[in-house]
Amino acid sequence: MSITIADPVLLAQLREAGSAELRDPEGNVLGVFAAEGLGRLPPGVTSPFTDEERAEMRKERSGRPLADVLRDLEARG
């Protein structure tokens with residue numbers, strides 16, 4: 001889903017913030033806005049693994065394709 005923001009003040013605030021919690025008038029968190037896009041950790045969060053450790057984990061991956069797992073689950077039930 002896409003929501004278009006036309007309010008120039010809000011647009012400027014979001015661009016300046018880079019990331020921000022979006023709240024409703026009662027203060028409930030609706031979600032988090034991140035101008036940088038997906039695939040990055042939120043500000044202030046660091047990975048417990050180094051780049052080298054993550055690269056090694058990718059090499060040792062021994063999982064199965066999702067299609068195979070789903071096929072096996074459907075066959076059971």
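Residue numbers start at 1 and run along the sequence shown.
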Engineer: Once you round to the nearest 0.5 Å, how far does CG of Leu22 lie from CG of Asn28?
Structural biologist: 13.0 Å
Engineer: Work out which heavy atom in Leu14 is nearest to a heavy atom in Ile5; give both atom names and the distance.
Structural biologist: CD1-CD1, 3.6 Å
Engineer: Going by side-chain heavy atoms closer than 4.5 Å, which hydrophobic residues are tied to Leu73, directly or by a chain of links?
Structural biologist: Val69
Engineer: Can you list everything that forms a salt bridge (charged side-chain N to carboxylate O under 4.0 Å, His left out) with Arg54? Sequence neighbours excluded, please.
Structural biologist: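 Per chain and number, Arg54 pairs via salt bridge (charged side-chain N to carboxylate O under 4.0 Å, His left out) with Asp51.
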Engineer: Quick one: side chain to side chain contact (heavy atoms under 4.5 Å, CB included) partners of Thr46, sequence neighbours excluded?
Structural biologist: none
Engineer: Mind checking what makes salt bridge (charged side-chain N to carboxylate O under 4.0 Å, His left out) contact with Glu56, not counting sequence neighbours?
Structural biologist: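 Only Lys59 meet the salt bridge (charged side-chain N to carboxylate O under 4.0 Å, His left out) criterion with Glu56.
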Engineer: Using side-chain hydrogen bond (donor to acceptor under 3.5 Å, both in side chains) as the criterion, list what pairs up with Asp7, not counting sequence neighbours.
Structural biologist: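 Scan of Asp7 (side-chain hydrogen bond (donor to acceptor under 3.5 Å, both in side chains), adjacent residues dropped) gives none.
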Engineer: Which residue pairs satisfy the salt bridge (charged side-chain N to carboxylate O under 4.0 Å, His left out) criterion with at least one member in residues 66-77, sequence neighbours excluded?
Structural biologist: Arg64-Asp72, Asp68-Arg71
Engineer: Using links of under 4.5 Å between side-chain heavy atoms of ILVMFWY residues, direct or through other members, which residues join Phe49 in one cluster?
Structural biologist: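 Cluster partners of Phe49: Met57.
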Engineer: Does anything in residues 8-22 form a salt bridge (charged side-chain N to carboxylate O under 4.0 Å, His left out)? List the pairs, not counting sequence neighbours.
Structural biologist: Glu21-Arg23
